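Taking it in order: structure first as structure tokens, then the write-up.
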Protein chains: 2
Amino acid sequence: MVLPRAARTQRRTRIQEEKEERILEAALEVFSAHGFRGATVDQIADVAGMSKPNLLYYFRTKDAMHRALIDRVLDTWLDPLRAFDAEGNPVTEIRSYIRRKLEMARDFPRESRLFANEVLQGAPHIEDELKGPLKELVDEKAEVIRAWAKAGKIAKCDPYHLIFAIWSTTQHYADFDVQVRAVLGQGNSGEGRFEDAARFLERLFVDGLQVSEQPIS
Amino acid sequence: MVLPRAARTQRRTRIQEEKEERILEAALEVFSAHGFRGATVDQIADVAGMSKPNLLYYFRTKDAMHRALIDRVLDTWLDPLRAFDAEGNPVTEIRSYIRRKLEMARDFPRESRLFANEVLQGAPHIEDELKGPLKELVDEKAEVIRAWAKAGKIAKCDPYHLIFAIWSTTQHYADFDVQVRAVLGQGNSGEGRFEDAARFLERLFVDGLQVSEQPIS
DNA sequence: TGTAATGTTTACCAACCGGTCAAATTATCA
DNA sequence: TGATAATTTGACCGGTTGGTAAACATTACA
């Protein structure tokens, strides 16, 4: 009998494990490059190296595949923000959050683009995740930042917009990679880009652009 | 005789003017929401309130429509950067650039998303514009910033990454609008958002997060 | 080893895709 | 007004889309 995926309450076959892995990897490749509507099941099957009906045996619809992919990736994606530690030194924490986010933009650009595509097109598939788990996590960390500001450990600022600023500046290097490369030209497209970006952003967020005599840091 | 669009060397009819306007408006709506591949000609025709063959009478292909739209919008989009004045006060110039970009994110979010979609998906249709006019303009303004830094008027920093940071933080409010709304919740989604964002960003770029006694500014 | 569950493939479908065509309609202007 | 050019429409085309049906192959396991 053909058991639909949802009904598998028991353990998964070795084959299932392997194929689902290959499919989600291919789905990440295609969805991140073209968005949900722009991606085709045929293309994903092709990248995964299997026939379309075979792929649809593991994920019955394009939508189910996309959802499974989002579920798997979202958790990892929020890890750096979770690591944000209320007890740590504020400047150090923000610094290493920036660095971690930048590393993720460098090492997992497809994941970044997956979400960017989704949110950009109105987040029709992940609205719940945004308003639920994401908002709760951000609320929690925003409270931490607010406390730091109140205690005079960092400048008074809106914690939400601070988080937005860190997200946008770091993910920019994944989402707008083509533009960054085009503007920087051939020379600066190598590995050094991320080091330059890290140095600039850490400096920006800590000291701004004001001229200053080697701040306390 | 049916004159293809390209052959119109003479002045354009009133009808042509109106219809092309309506089509590009509809195309902006649809392309910005779904990206090139995700958009359909039928949908654009529907939004424009005309039949598909009628639309294709004015723009012979989906591609031509997209190109015309990009051409029309790109110039306007780069205006704020052009206004960047080498002779002005550096901090003031950067401040008002941020403000102008933020105003564009607020007033023309669809234009922002049009480019975001395009770049995100590898910029297959605007690679030339990025490597040509865009790069040249950025190079020019980066030189201005570098001169300011050299003269000690602002902190020493990589001018390219500074421009990227301004682009990403401001356009974030257009491109990731859904996420911003979801995180901020109902209360803060009104007009005040942009005022908060402006205040935060101007502060961030000028002073950073370091605690400071009312800087010179 | 046998057999039932799992996995894979071929052939196919209706709906939709970008785009064409010729006929019908409307605007322009001598 | 009439004829000519510009515009609009409905019917249609080949290719692609997400997804299905059923036969076939393979695996797991008693």
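Hydrogens, waters and symmetry mates are skipped; everything else that's a heavy atom, side chains included, is used. Computed from a predicted model, the values in this text were never measured in an experiment. Here is how names work: the chains are called A, B, and so on, in the same order as the sequence lines, proteins then strands, and each is numbered from 1.
Between B/F84 and B/W148, a ring centre-to-centre spacing shorter than 6.0 Å is recorded.
Between A/Y58 and the phosphate of C/dT8, there is a side-chain N or O to OP1/OP2 separation shorter than 4.0 Å. OP1 and OP2 of C/dT6 both lie 4.0 Å or more from every side-chain N or O belonging to A/Q16.
Between the side chain of A/D175 and the main chain of B/L120, no donor-acceptor pair closer than 3.5 Å is present. Side-chain atoms of A/K141 come within 3.5 Å of backbone atoms of A/R82 as a donor-acceptor pair (strictly under, hydrogens ignored).
Classification of the A/F36-A/H66 ring pair by plane angle, with boundaries at 30° and 60°, yields perpendicular.
Applying a 4.0 Å cut-off to non-hydrogen atoms, none of the residues of residues 23-42 of chain B approaches DNA chain D.
As a whole-Å value, the separation of B/D46 CG from C/dG18 P is 13 Å. Between the P atom of D/dG10 and the CG atom of B/L56 lies a distance of 15 Å, rounded to the nearest Å. Atoms CG (A/L55) and P (D/dT20) sit 13 Å apart, rounded to a whole Å. Atom pair A/K62:NZ and D/dT20:C1' shows a separation of 17 Å (rounding to whole Å applied). If you take CE of B/M65 and P of C/dC17, they are 13 Å apart, rounded to a whole angstrom. Distance, A/M50 CE to C/dG7 P: 12 Å, rounded to whole Å. Distance, B/F59 CZ to C/dG19 C1': 16 Å, rounded to whole Å. Here C/dG18 presents its P atom at 13 Å from NE2 of B/H66, a figure rounded to the nearest Å.
When distances run from any side-chain atom of B/N54 to the nucleotides D/dG19, D/dT9, C/dG19, the shortest one goes to D/dT9. When distances are taken from the side chain of B/P53 to each of D/dA11, C/dG19, D/dG19, the shortest belongs to D/dA11. Proximity note for B/Y57 (side chain, C-beta onward) versus D/dA6, C/dT9, D/dG19: the nearest is D/dA6. The A/K19 side chain lies nearest to C/dG7 when the options are D/dG19, C/dG18, C/dG7. Out of C/dT9, D/dG19, C/dG18, the shortest distance to the side chain of A/S51 is found at C/dT9.
A salt bridge does not link B/R22 to B/E25: none of the charged nitrogens lies less than 4.0 Å from a carboxylate oxygen. A salt bridge links A/K131 with A/E127: the closest approach of a Lys/Arg side-chain nitrogen to an acidic carboxylate oxygen falls below 4.0 angstrom.
The two atoms that bring A/L24 and A/L69 nearest to each other are O-CD1, 3.6 Å, heavy atoms only.
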